[in-house]
Asks: 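Right, I'll just put the structure down here and ask away after.
Because the structure is a prediction, the values reported are computed rather than measured.
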Amino acid sequence: MTDPAHRPDTVHALLADGSTVEIRAAGPQDRDEVLRMHREMSPEDLRLRFFAANPSYASEAAARICAPAHSGYRALLAVARGRVVGAAEYTTLPATPGEPVSADMALAVAEGRHGQGIGTLLLEHLVHAARDAGVSTFTAEALAENHAVLKVFADLGLRTSRHFDGTDVRCTVHLEEDEHYLSAVDQRGRIADVASLRPLLRPRSVAVVGAGRRPGSVGRAVLGNLRSGGFDGPLYAVNPHADVIEGTPAHPSVAALPLVPELVVVAVPAPDVPKTAEECGARGVGALVVLTAGLDAAQAEALFTTCRRYGMRLVGPNCLGVANTADEARLNATFAAHPPLPGRAGVAVQSGGVGIALLERLGRLGVGISSFVSLGDKYDVSGNDMLQWWESDHGTRLAVLHLESFGNPRAFSRTARRVARGMPVLTVDAGRSDAGRRAAASHTAAAATPTMTRRALFTQAGIIATHSIAELVDTAALLYTQPPPAGADVAVISNAGGAAVLAADACVEAGLNVPALDTALVDELRTLLPPGAATANPVDTTAAVTADRLRACVDRLAAHGAVDAVLVALVPTALASGTDQDPLLALTGTPGRRPRPVLAVLLDQEAPVRLLTSTDDRAIPAYGEPQSAARALAHAVRHARWRAEPPGTIPPLSGIDTAGATAMVEEYLTHHPDGGWLDPRACAALLDRYHIPQLPWAWAEDEDSAAEAVRHLTEENTRMALKAYWPGLVHKSDQGALRLDLEGAEEVRTAYRELRERFPGRMTAALVQPMARRGTELFAGVVQDEVFGPLVLFGLGGTATELLADHAARLAPLTDRDVHTLITSPRCAPLLFGYRGGQAVDLEGLEQVLLRLSRMACDLPQLAEADLNPVIARPDGVVALDVRLRILPRQAHDPYLRRLRAATRRQGA
C-alpha cells in the first residue's frame, strides 16, 4: 500500500480543534478502513446516514467509495493517524447538452468525531474537485431530523435551498464561489489555525531535547531562558547522560518523560532530527521548534513527513526559537542573549539575525514584544499563520514581518488585507534588486520584476513596506503611539529657522504637504508666540519661546483641522537652560490627548528614535533626523488612506465564456504539449471569449487574400497596416516586419510581397488591419508568476514601453479599488484624465479591459503571458491593436482551499 503522505493527490488540513487530517482520494486499498468506519457507526448514525439502520449498507458504501476511479464519480477521505474518519462522495447526474451539470452528494463522519469540522472540510475539497469537473450544483437527500448535516450544508457559505417532502428534505447546494463563501472558509481556517498554534505559543508543558550538560550549547541556553523567563508549567530536559540540567529534571528520551509535553524544542545534530521528531509524534506532542540547521534533503523530508503524519505544527528548522510575553503564558524558548521585553508588537522573521535586531530595538524603544516566532527555513508555520494568531490575540497592536519568501501569496494577501484593517502590518521589503526576468520575451514579462510583484502584494494587502529595519522601527514608533493621520498636510514647528527648513524639505521629499496656513490661524498663532516669530508654516517660534507658549502652539495646530499632523523640530539653546523654559516640556507635559499625530525631531539626539513619555502616558516619538520622521509619517498617511477606503469588490462581468476559453486552451495544448505563442487568429478568438475590444483584422496567407481583405475591412480611403507573422516572432517593429499607412488594396499587395521577399522561408502569413485613429498609446498585460499567481500590468505603451518603464502592477483578481489604483499609478495617468484641457479617455472602457484581462488570467492558469501593446485609448473607446498570448501546460491551483503546505522545498508565506 502506498504511503498516503506521498500520494500526489494528498493534502493536509487543519480541523476546528487544531488537529491535522489528510484529505485524499479513496482507492481500493482503503476498503477495509472505510468499512470499519461505517460498521463502527451507532445504529442512530446509520439510520440518519442511510435512512435505515441496516448493517449491509456499510458494505455497499465501502464498495462504492473504494471502487477504482471512473468518470462522473469522486470520493474523498479524511484520514487521521492512519484511520479513516470521514468520507464524502458525488455522482454526476445525466445532463442535457448545454445545461448545467448536477451531482448527488453524500457525507459520512466517523463515530465520536462529529463537531470537529471533518464534514465541512471534506465538503470544501469535494466542491473544489466538482467545480474542476464542471459540476455546478450538488443535491443531497437527508432526513428532516438530521439537524447536524443540514447545519453543515447551511454553514458551508454556498447558496443552498431546501425542499421538504414529509420526513425527507432535498438540499441543493450551488457551487459558485463568491465572497460570502470565501469569508466563511476564512473564518473556519482562522479558528483552526489559531487552535493549532496554541501548543506552540501557549504550551502548558515544554521539553528541550538536546540540552547539554555543559554551558555553551544551544539547547542548554534555551532551557535556561525558559526557566529565567518565567515559564510556570512542567519543564523537562531530554538528555540520556544527565539527571538534572540547569535545575531542570532530565530524562533519557521523550518516551521516558512523565507526561506528554505540548511543545518540544529540538536542538540535536541534524542526523538525529528525524528520529527525534518520530519519537515526539508517536508520543503525541503537539508542536515542534527545531533549532537545528544543516538538514540534508532526506533529513528535511523525513522531518516534514513525520510532522504531517502525526499532526504536529513545526517551526524551523534553522531558527532562533519562539517567545510569548503574556503574563498568563510566559515563554522564552529562544537562545537569544537577552529576553524579549513585554509589549504589543507581534514579530515573525525568517532570519534569526533580523529577529535579534528587532527584539532589541523594539524593546529598547518601549514598544516591546507580545509574541515572537523565528520561522527559519519555514517548513510549516508561516507569516500567514502568525497574522491569524495576532488577529485573535488581544495583546498585539502591531504586526511585524520579515519574510524572504512567499509560498501562497494570494492567501497571504487575503489574510493581510483583513488583519491590516484592525492593526498595522509592517515589513521590510528585502531583496529589491533588478536581477530576475529582464531577458523575458515579451513587453509584459520584461516589465514584471520580482520587486514589482512583491510591492503589488504589499500595496493591495495594506502592508507597510519599509526599506530597512531602522525605517520599520521608526514607523512602528509613530503608529504605536499616535492616532492615524487623516491626510498628508503637515505643520512644521521649530525654535530654529534652519531646523524648520530641513524638516519642511524632508516632509515634501517624503510626499507630504507643508501648506500655508490661513490668515486667521496665522494671526492666532502670532498672539501665542514671542515677537518676531514666523507663523505661516513652517512656524519659527524663535529661540525665545517658552515651554508654555510652544505647548499652546502645538495644541492649537493639533486641534485646529488646518493640518493632519504636527512635526516639532527642536534644537538646544542657552535660553532653554531653565526648567520652565525647556521646549521638551511642550511635548511631555501636555494633559489630555491630542486629536492629531504629533512627532518630534531633536537634532541633538543620539538615538535614531525614542519615545518621550507625556503626563497621560501617550508617548511622543522623537527622531534624530527629520528624514526619519517624515518617512515614518508618510507611511502612516498611506496606511490611513488605505484603511479609510472601502474594501474592494470584484465586479461582475458580462459576456464571459470561460468554458469556451478553457476548451480553446486545452485544444491548443493537445497539439502543442510544451505550449507556445498563439497565432494571431487564436489570440483574437481568446480575447473575444472575454469581450476585450480589438481592432478589426483579417488573416492573409498570400498577397491576393491580403488585397481582398482591404475591401472587406475598410471604408474608402482608410489607410491600412500589414503585420507579418511567423511562429516565434515577438517584436515586429524591431525586425522590420510591419508596414503602416498603406493606401488601398494595391499598396497592401505590394507590401505583402516585399515582406515575403524580406523574410523568405519564415513568413507564413500576415495580419491586415485598418490604421487606428490617434489616441493615447497604452500597454496592458499579464504574467503568471510561479509563486504569486497572475500579475496584471498597465502603463504607457508603444515601442518605448520598456525604455520608459512607466508601469504599475496589481495581483489578480482585481477589485474595483485595484483597477482604479492601477490606472492612476503610472506617471502617464494625467494623460488619461484630460491633460491640459484635453478630453479624458474612456476610463470605464479602460477599466473593463483590465478587469477582463484579470478574469482571463484567473480562469486560465495556462496563460503564461498576455501582451496587449499598444492599446489605444480615446474618449470614444478603448481598443487593442496588437496582441500576443503565450500558453504553457499548467494546472489550476485554488489559493483559498484550506490545506497546509505540501513540500519542504516550498517555503510558504
Asks: State, with a plain yes or no, whether a side-chain heavy atom of Arg810 is found less than 4.5 Å away from one of Ser854.
Replies: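 Answer no - side chains too far apart.
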Asks: Ignoring hydrogens and angles, tell me if any N or O in the side chain of Ser351 forms a donor-acceptor pair with the backbone of Val354 under 3.5 Å.
Replies: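 Judged by distance alone, yes, a pair lies under 3.5 Å.
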Asks: Do Asp523 and Arg556 sit within salt-bridge range, that is, some charged N less than 4.0 Å from a carboxylate O?
Replies: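 Between Arg556 and Asp523 there is no salt bridge, as every charged N stays at least 4.0 Å from the carboxylate O atoms.
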Asks: Test your reading of the model: is there a side-chain donor-acceptor pair from Thr466 to the backbone of Ser468, 3.5 Å cut-off?
Replies: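 Between the backbone of Ser468 and the side chain of Thr466 there is a qualifying donor-acceptor contact (under 3.5 Å).
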Asks: Taking all heavy atoms of Gly363 and all of Leu341, pick out the closest pair and write down the distance.
Replies: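 In this case the closest contact between Gly363 and Leu341 is O-CD1, 3.6 Å.
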Asks: Under 6.0 Å between ring centres: does that hold for His807 and Phe779?
Replies: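 Yes - the distance between ring centres of His807 and Phe779 falls below the 6.0 Å cut-off.
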Asks: Does the pair Val563 and Asn513 meet the rule for a side-chain contact (heavy atoms from CB on, under 4.5 Å), with working shown?
Replies: CA-CA 9 Å; Val563 293; Asn513 309 317; over 6 Å; no
Asks: Would you say Val349 and Leu401 make side-chain contact, with heavy atoms under 4.5 Å?
Replies: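 When only atoms from C-beta onward are counted, Leu401 and Val349 do not touch, as no gap falls below 4.5 Å.
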Asks: Is the backbone N or O of Pro826 less than 3.5 Å from a side-chain atom of Asp806, with the two atoms forming a donor-acceptor pair by type?
Replies: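 Flag not set: sc Asp806 to bb Pro826 has no pair under 3.5 Å.
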Asks: Would you mind checking if Arg454 and Asp429 are paired as a salt bridge, meaning a charged N to carboxylate O distance below 4.0 Å?
Replies: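 Yes, charged N to carboxylate O under 4.0 Å.
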Asks: Provide the closest heavy-atom pair for Ala630 versus Leu512 in the form atom of the first, atom of the second, distance.
Replies: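 Result for this residue pair: O-CD1, 3.7 Å.
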Asks: Taking the side chain as every heavy atom from C-beta outward, state whether Arg417 and Arg421 have any atom pair closer than 4.5 Å.
Replies: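 They are not in side-chain contact.
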Asks: Start with the C-alpha distance between Leu398 and Arg344, add both sets of side-chain angles, then the distance that settles side-chain contact (heavy atoms from CB on, under 4.5 Å), and finish with yes or no.
Replies: CA-CA 6 Å; Leu398 293 173; Arg344 308 301 291 276; over 6 Å; no
Asks: Under a 4.5 Å cut-off applied to non-hydrogen side-chain atoms, are Leu791 and Asp785 in contact?
Replies: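 Not touching, per the 4.5 Å side-chain cut-off.
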Asks: For the backbone of Thr325 and the side chain of Ser370, can you confirm whether one donor and one acceptor N or O come within less than 3.5 Å of each other?
Replies: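 Between the backbone of Thr325 and the side chain of Ser370 there is no qualifying donor-acceptor contact (under 3.5 Å).
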Asks: Is the side chain of Asn495 donor-acceptor paired with the backbone N or O of Val571 at a distance under 3.5 Å, no angle test?
Replies: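 Answer holds: yes.
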Asks: When rounded to the nearest 0.5 angstrom, what is the spacing between CZ in Phe788 and CZ in Phe412?
Replies: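 Nearest 0.5 Å value for the CZ-CZ distance: 9.5 Å.
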Asks: Can Asn332 and Thr334 be counted as having a side-chain donor-acceptor contact under 3.5 angstrom?
Replies: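 The answer is yes; a qualifying pair exists.
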Asks: Cation-pi check for Trp642 against Arg817: NZ or CZ below 6.0 Å from the six-membered ring centre and within 45 degrees of the axis, yes or no?
Replies: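 No.
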Asks: Any non-hydrogen side-chain atom of Leu633 less than 4.5 Å from a side-chain atom of Tyr623?
Replies: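 No. Closest side-chain heavy atoms not under 4.5 Å.
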Asks: Is there side-chain contact between Arg631 and Thr475, with at least one heavy-atom pair below 4.5 Å?
Replies: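 Heavy-atom side-chain distance check fails, nothing below 4.5 Å.
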Asks: Under a 3.5 Å distance rule, please check whether Asp540 uses its side chain to pair with a backbone N or O of Ala500 as donor and acceptor.
Replies: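 Flag not set: sc Asp540 to bb Ala500 has no pair under 3.5 Å.
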Asks: Between His820 and Glu847, do the side chains contain an N or O donor and an N or O acceptor separated by less than 3.5 Å?
Replies: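 No, because no side-chain N or O of His820 sits under 3.5 Å from a partner of the opposite role on Glu847.
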Asks: Look up atom CG in Asp818 and atom CG in Leu850, then write down how far apart they are to the nearest 0.5 Å.
Replies: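 Between Asp818 CG and Leu850 CG, I get 11.0 Å after rounding to 0.5 Å.
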Asks: Nearest 0.5 Å, what's the CZ-CD1 distance between Arg455 and Ile463?
Replies: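 Here the interatomic distance stands at 14.0 Å.
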Asks: What closest approach, in Å, do Val598 and Gln482 show between heavy atoms, and which atom pair accounts for it?
Replies: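 Minimum heavy-atom separation between Val598 and Gln482: N-OE1, 2.9 Å.
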Asks: Nearest 0.5 Å, what's the CG-CG distance between Leu846 and Leu778?
Replies: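 Answer for the CG-CG pair, Leu846 versus Leu778, is 6.0 Å.
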Asks: Under 3.5 Å, side chain of Asn537 to main-chain N/O of Val492, donor-acceptor pair present?
Replies: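 A pair under 3.5 Å: yes.
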Asks: Measuring from atom CG of Leu550 to atom OG of Ser494, what distance do you get when rounded to the nearest 0.5 angstrom?
Replies: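 Here the rounded value is 9.5 Å.
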Asks: Mark yes when over 12 heavy atoms from residues, nucleotides or ligands other than Gln839 sit less than 6.0 Å from its CD; otherwise mark no.
Replies: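 No - once you tally the heavy atoms of other residues, nucleotides and ligands closer than 6.0 Å, there are 12 at most.
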Asks: Tell me whether Gln460 contacts the main-chain N or O of Leu811 through its side chain, where contact means a donor paired with an acceptor under 3.5 Å.
Replies: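 Yes; judged by distance alone, with no hydrogens or angles, the pair exists.
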Asks: When rounded to the nearest 0.5 angstrom, what is the spacing between CZ in Arg549 and OG1 in Thr541?
Replies: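 So the gap between those two atoms works out to 11.0 Å.
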Asks: Does any part of the side chain of Val554, heavy atoms only, come nearer than 4.5 Å to the side chain of Val568, both counted from C-beta?
Replies: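 Yes, at least one pair of side-chain atoms sits under 4.5 Å.
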Asks: side-chain contact (heavy atoms from CB on, under 4.5 Å) between Arg361 and Ile469: does it pass, once the steps are laid out?
Replies: CA-CA 9 Å; Arg361 294 194 189 195; Ile469 292 176; 4.1 Å; yes
Asks: For Ser371 and Trp390, does a side-chain donor sit closer than 3.5 Å to a side-chain acceptor?
Replies: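 Yes.
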Asks: Indicate yes or no for a side-chain donor-acceptor contact from Thr415 to the backbone of Ala411 under 3.5 Å, with no hydrogens or angles considered.
Replies: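 Yes.
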Asks: Does Arg397 reach the main-chain N or O of Tyr480 with its side chain, forming a donor-acceptor pair under 3.5 Å?
Replies: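 Answer holds: yes.
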Asks: Kindly indicate whether the side chain of Arg594, heavy atoms from C-beta on, has any atom under 4.5 Å from the side chain of Ile620.
Replies: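 Counting from C-beta outward, Arg594 and Ile620 do come under 4.5 Å.
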Asks: I'd like to know if Asp564 and Arg596 make a salt bridge, using a cut-off of under 4.0 Å between side-chain N and carboxylate O.
Replies: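 Salt bridge flag = no for Arg596 with Asp564.
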